[in-house]
Amino acid sequence: MKINDLLRSKLFWMLAVLCFLSLFLFIGQVHFNTRGEPREALVGMAMLQEGNWTLPITNGVDIAYKPPMFHWAIAALSSITGEVTEYTSRMPSALALSFMVLAGFLFYAKRRGSEVAFLAALITLINFEVHRAGTNCRVDMLLSALMVLALYQLYQWAEKKLKGVPWLGILFLSGAFLTKGPVGLVLPCLVVAVFSLIRGMNFFRIFFSFAGVALGACILPALWYFAAWRQGGDAFLDLVIEENVLRFLGKMTYSSHENPWYYNVMTIVTGFVPYTLLLLIPAFSLKRIKTFNKPNSWWSRFKKYIQNMDDTRLFTLLSIVIMFVFYCIPKSKRSVYLLPVYPFIAYFVAEYILYLVKNKPKAINVFNCILASLGILVTMVFFIIKAQWIPHTIFQGRHAYDNIAFMQGLENIPLGMGLLLILLPLATGFFYFRIKKNTKVLALGGSLIAFTLFFTLDGVYLPAVLNTKSNKTVAQRITSIDPNAKVYSFITQTVIGNKMHPFTVNFYMKGTVVPFRENEPEEGFLLLGENEYDTFIKEYGKDYSLTELPNSRYKSSDDRFMTRIYTFKKKLN
């Protein structure tokens, strides 16, 4: 085995270990505490319970808002363990991120060298937005991974002058289509088609080649869409048009994450934490660039720069620019939509770090020292909270209840085996200060310190804090009263156009919570928001008697409204 191949193999397996430690150890420790995760997990649960893997019904009345690829993955993985859990429902995202990171390393190691490829892969793994998506039960990480993998495969096809058939790329495009719709197919094809055009290939050959790829990638999704349409009818068709056509045109029947174009800039800046700070530190020492030249001169130099640019770097740049601009067009914008650009930005960040190590080592050392200090500070703050030196009375206002609960969660963290995780950022920070003069650790130092911070957050702090928001205990209380409880919801409002349900409680009740209106049962338990009480009494007060359970008031982790638990019984005529 050649030396380069041996190094690549060692770095690959090192990266695989880091992926496992970062993504798979703790993904089951945080209970569901937002509406998004249990809503997706319930679809996978319904597939297993109903045996309907095409268009299952959740919450008693709903069809899924997204195609089923992610939910198939949840159901398939959960069928191994026998039930859908927090761990199995987040595992598809963790696997998707792992494959994306490892494939990115192999892709860039072959074309740009193992050093920059390893660093780019590590940066992809350890930044706020990508790491969060890789440990959540949401469709976005799987979609992003499939799009990025398709981009790598289509680029390799372009390297061969579009000869042959990129079967693996077609398969990834089909998977992306089946995860969140046609955007997963369109963007990878568009990026590589533009790259091929810039590199001088014939327009018609590019057009017909990618048209063939796109048609091939539509076969599997078309089979599902047809089967789903036969089952769901016009309601399904209307949902498809709403989510995939009207959303892009900004003509949806409801407002959905509407934000201005610069929102995408802000999300990239915040999402790339902690590396955003690295880009700012050396900026003060950069020389001013003259930009007030004649437009023709500037354009000529730009075209020459693009023509002389290395193919892989040009492909990487186009992946960032085209996808970023595309997602600036619709009114609907979310930070997770931009996840596919992160591996490509990470590559240029890796190049930048290696440049700083060689030319401005003080700048990269400042960045590493800031992260090391942050690790020490986080540990010290935890022990101050643990010692209860911070009074709860400092929290005032409408979020005081939540902030006090978060602090109590940190105060109650046991100091058993978890103490090793708690002390890890502290030890890493002090260790870096001892070896910071060693130039060999400059490039990877910041990323490895950031890794320990994420590791401790996932293993200790986030479960303690976020579990205080979860409604898992609500489900446990109901089942402790009646293991066979029939639970109903009565919620009138919508959030971002979607019908609201008690998704979290429903997940922990194994998907048995259904709407009251559609059933009008004889008796059972009722989850009733305080702002819904008057509506219920007005509509059903003559026919039903309500009895509130003692101390049943809780804040819903789905819509953040205060809710109470009642028992109800239909009155005799």
Side-chain angles (χ1 to χ4, degrees), residues 32 35-93 95-96 137-140 142-143 146 171 174-182 184 218-244 475 484-489 491 497-519 521 558:
F32 288 145
R35 66 178 177 270
E37 288 195 280
R39 183 177 61 193
E40 304 298 345
L42 281 166
V43 181
M45 183 182 291
M47 287 179 173
L48 290 179
Q49 292 175 345
E50 301 172 16
N52 181 352
W53 290 57
T54 302
L55 201 66
I57 300 298
T58 62
N59 306 298
V61 292
D62 289 345
I63 60 176
Y65 279 73
K66 300 293 185 292
M69 188 70 180
F70 182 71
H71 311 113
W72 286 344
I74 292 175
L77 291 167
S78 300
S79 65
I80 299 173
T81 62
E83 64 175 336
V84 179
T85 64
E86 296 99 330
Y87 192 98
T88 60
S89 59
R90 289 171 178 147
M91 198 172 180
S93 295
L95 287 169
C137 174
R138 301 298 295 268
V139 304
D140 305 287
L142 180 60
L143 170 69
L146 289 169
L171 187 61
S174 297
F177 198 145
L178 279 168
T179 302
K180 207 174 181 179
C218 286
I219 294 174
L220 293 178
L223 294 175
W224 174 78
Y225 274 96
F226 179 72
W229 171 73
R230 291 192 62 184
Q231 183 177 323
D234 291 340
F236 169 75
L237 190 60
D238 291 342
L239 180 62
V240 170
I241 295 173
E242 180 93 31
E243 290 291 316
N244 296 289
N484 299 312
K486 300 293 184 181
V487 185
Y488 300 87
S489 63
I491 300 176
N498 297 330
K499 296 177 182 178
M500 284 303 301
H501 301 282
F503 299 109
T504 307
V505 174
N506 197 9
F507 174 82
Y508 291 111
M509 296 290 297
K510 306 300 181 185
T512 59
V513 181
V514 295
F516 182 91
R517 276 199 178 92
E518 284 77 358
N519 294 274
D558 303 299

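As the structure is a prediction and not an experimental result, all values here were calculated from the model.
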Using a 3.5 Å distance criterion without hydrogens, assess whether the side chain of Trp224 forms a donor-acceptor pair with backbone atoms of Thr54. yes
Quick check for you: to the nearest 0.5 Å, what is the distance between Arg230 atom CZ and Leu55 atom CG? 13.5 Å
Check step by step if side chain to side chain contact (heavy atoms under 4.5 Å, CB included) holds for Ser93 and Leu142. CA-CA 6 Å; Ser93 295; Leu142 180 60; 5.7 Å; no
Value rounded to 0.5 Å, distance of CD in Glu518 from CG in Asn59: 10.5 Å
The criterion is side chain to side chain contact (heavy atoms under 4.5 Å, CB included); which residues satisfy it with Leu77, sequence neighbours excluded? Met91, Pro92, Leu95
Taking all non-hydrogen atoms of both residues, which atom of Ala46 and which atom of Thr58 are closest, and how far apart? CB-CG2, 3.9 Å
Between Thr88 and Val84 (side chain of the first, backbone of the second, donor and acceptor by atom type, cut-off under 3.5 Å), is there such a pair? no
Lys180 side, atom NZ; Arg138 side, atom CZ - distance, nearest 0.5 Å: 8.0 Å
Atom OG of Ser78 and atom OH of Tyr87: how far apart are they, to the nearest 0.5 Å? 12.0 Å
So, the side chain of Glu37 versus the backbone of Cys137: is there a donor-acceptor pair under 3.5 Å, distance only? yes
Charged N to carboxylate O under 4.0 angstrom, Arg39 versus Asp558? no
CZ/Phe70 to CG/Leu178 distance, rounded to the nearest 0.5 angstrom? 14.5 Å
What one should report as the nearest heavy-atom pair of Pro67 and Gly181 is CG-N, 3.7 Å
When you look at CH2 of Trp229, are more than 12 heavy atoms from neighbouring residues, nucleotides or ligands closer to it than 6.0 Å? no
Compare every heavy atom of Gly44 with every heavy atom of Ile74, then report the nearest pair and how far apart it is. CG2-CA, 4.2 Å
Once ring pair (Phe, Tyr, Trp, His ring centres under 6.0 Å) is applied, do any residues pair with Tyr488, and if so which ones, sequence neighbours excluded? Phe568
Any chance the side chains of His501 and Asp62 put a donor and an acceptor closer than 3.5 Å? yes
One should read off an interatomic distance between Arg35 CZ and Asn506 CG, to the nearest 0.5 angstrom, of 15.5 Å
State whether Glu40 and Lys66 are salt-bridged, where the test is any N-O pair (Lys NZ or Arg NE/NH1/NH2 against Asp/Glu carboxylate O) under 4.0 Å. no
What do the steps show when you test Asn52 against Gln231 for side chain to side chain contact (heavy atoms under 4.5 Å, CB included), and what is the final call? CA-CA 10 Å; Asn52 181 352; Gln231 183 177 323; 2.7 Å; yes
Under 3.5 Å: donor-acceptor pair, side chain of Trp72, backbone of Trp53: yes
Check: residues 508-516 side-chain donor-acceptor pairs under 3.5 Å, at least two apart:
residue, atom, partner, partner atom, Å
Tyr508, OH, Phe32, N, 3.0
Tyr508, OH, Glu86, OE2, 2.6
Lys510, NZ, Glu83, OE1, 3.1
Thr512, OG1, Met509, O, 2.8

